[in-house]
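As the structure is a computational prediction, the values presented were derived from the model and not from experiment. In what follows, residues are counted from 1 in the order of the sequence shown. The analysis underlying the following values was restricted to heavy atoms, covering all of them including side chains, and did not include hydrogens, waters or symmetry mates.
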Amino acid sequence: MHAVVIALALIAVALPRRIYYYDDYRDTLVDTRLRFDDEALDVCLARQGMVHASAAILVAVCSAARLAWKYRDPRGYLDAYTNAGHAMQNAALYAESLGIGAWITTAMDTGAMSSLMSLRGDEFPLAAMALGNP
């Protein structure tokens, strides 16, 4: 049971442009059928400009329920950020090895991102990574 799940939030290439999440129990990508527009995404990512040139944006999402189950200490949230950082860095390194540019940020409007992704009340975004041209 992982406290941090990487949601393949927004894909514009090879799949319909919608929000997806990775189901770590079934090891599969799930289409939420949720749609988005560039303006909403711009707001979520603090108008950082990476939105329009990206083929995909990954969002690390933490489940507070899973976090509390796994880490009984109130400081367990620190592990969530550490795990998100490790996962994002590994994904960025792999993307770069394939010639795909990657850019990681934690600057986002978490409320807007939670709404856009229809996250449950115990879930919150930790970081985002844009994938696209190097």
Side-chain angles (χ1 to χ4, degrees):
M1 180 177 279
H2 304 287
V4 176
V5 175
I6 302 299
L8 193 54
L10 312 162
I11 296 186
V13 176
L15 293 170
R17 186 176 173 159
R18 292 195 288 251
I19 298 174
Y20 300 80
Y21 76 91
Y22 176 71
D23 183 333
D24 56 333
Y25 291 115
R26 294 183 299 163
D27 191 27
T28 189
L29 193 62
V30 177
D31 184 351
T32 67
R33 304 256 184 235
L34 295 171
R35 299 182 184 280
F36 61 93
D37 61 39
D38 284 345
E39 175 59 23
L41 192 52
D42 261 344
V43 169
C44 290
L45 295 172
R47 301 198 183 280
Q48 294 179 75
M50 64 184 181
V51 173
H52 308 290
S54 300
I57 297 178
L58 305 180
V59 179
V61 175
C62 180
S63 165
R66 286 181 171 193
L67 186 68
W69 176 86
K70 188 172 184 180
Y71 303 104
R72 308 269 182 215
D73 186 292
R75 293 172 35 100
Y77 74 93
L78 297 172
D79 288 314
Y81 281 100
T82 301
N83 291 342
H86 291 162
M88 290 294 210
Q89 187 62 41
N90 283 333
L93 289 169
Y94 186 64
E96 292 288 340
S97 77
L98 297 174
I100 300 169
W103 186 70
I104 302 169
T105 185
T106 57
M108 71 176 93
D109 181 331
T110 57
M113 184 66 81
S114 294
S115 178
L116 179 75
M117 296 176 68
S118 292
L119 297 180
R120 295 186 319 247
D122 74 315
E123 297 175 326
F124 55 95
L126 297 169
M129 177 171 54
L131 298 169
N133 294 328

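With hydrophobic clusters built from ILVMFWY side chains whose heavy atoms lie under 4.5 angstrom apart, Trp103 shares a cluster with Met113. By the criterion of side-chain heavy atoms lying less than 4.5 angstrom apart, applied directly or through intervening Ile, Leu, Val, Met, Phe, Trp or Tyr residues, Leu45 is grouped together with Leu34 in one hydrophobic cluster. One hydrophobic cluster, built from ILVMFWY side chains closer than 4.5 Å, holds both Phe36 and Val59.
Note that the CD atom of Gln48 and the OG1 atom of Thr105 stand 3.5 Å from one another [nearest 0.5 Å]. A distance of 6.5 Å separates CG in Leu116 from CG in Leu41, rounded to the nearest 0.5 Å. To the nearest 0.5 angstrom, Arg18 atom CZ is 5.0 Å from Arg35 atom CZ. Here the OH atom belonging to Tyr81 is positioned 12.0 Å from the CE atom belonging to Met88, to the nearest 0.5 angstrom. With values rounded to the nearest 0.5 angstrom, Thr28 atom OG1 is found 8.0 Å from Tyr22 atom OH. Once rounded to the nearest 0.5 Å, the distance linking CG of Leu98 with CG of Leu93 reads 11.0 Å.
No donor-acceptor pair closer than 3.5 Å links the side chain of Glu123 to the backbone N or O of Ala64. A donor-acceptor pair is defined here as one N or O able to donate and one able to accept, closer than 3.5 Å; such a pair exists between the side chain of Ser97 and the backbone of Tyr94. Side chain of Thr82 to main chain of Leu78: a donor-acceptor pair is present (N/O by atom type, distance under 3.5 Å, no hydrogens or angles).
A donor-acceptor contact under 3.5 angstrom links the side chains of Asp122 and Ser63, judged on distance only.
Closest non-hydrogen pair, Thr106 versus Leu126, comes out as CG2-O, 3.6 Å. The shortest non-hydrogen separation linking Met129 to Ala102 is SD-CB, 3.9 Å. The two residues Ala128 and Met108 come nearest to each other via the heavy atoms N-CE, 3.6 Å. When all heavy atoms of Ala46 and Ala107 are compared, the closest pair comes out as CB-O, 4.0 Å.
Counting heavy atoms from C-beta outward, Pro125 and Leu119 have side chains that approach closer than 4.5 Å. Residues Ile104 and Leu58 are not in side-chain contact: their nearest non-hydrogen atoms beyond the backbone lie 4.5 Å or more apart. Within the 4.5 Å cutoff, the side chain of Tyr21 has heavy atoms near those of the Thr32 side chain.
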Asp37 and Arg17: CA distance, side-chain angles, deciding distance, salt bridge (charged side-chain N to carboxylate O under 4.0 Å, His left out) verdict = CA-CA 9 Å; Asp37 61 39; Arg17 186 176 173 159; over 6 Å; no
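Comment: Arg47 does not engage Asp109 in a salt bridge, judged by the lack of any side-chain N to carboxylate O separation of less than 4.0 angstrom.
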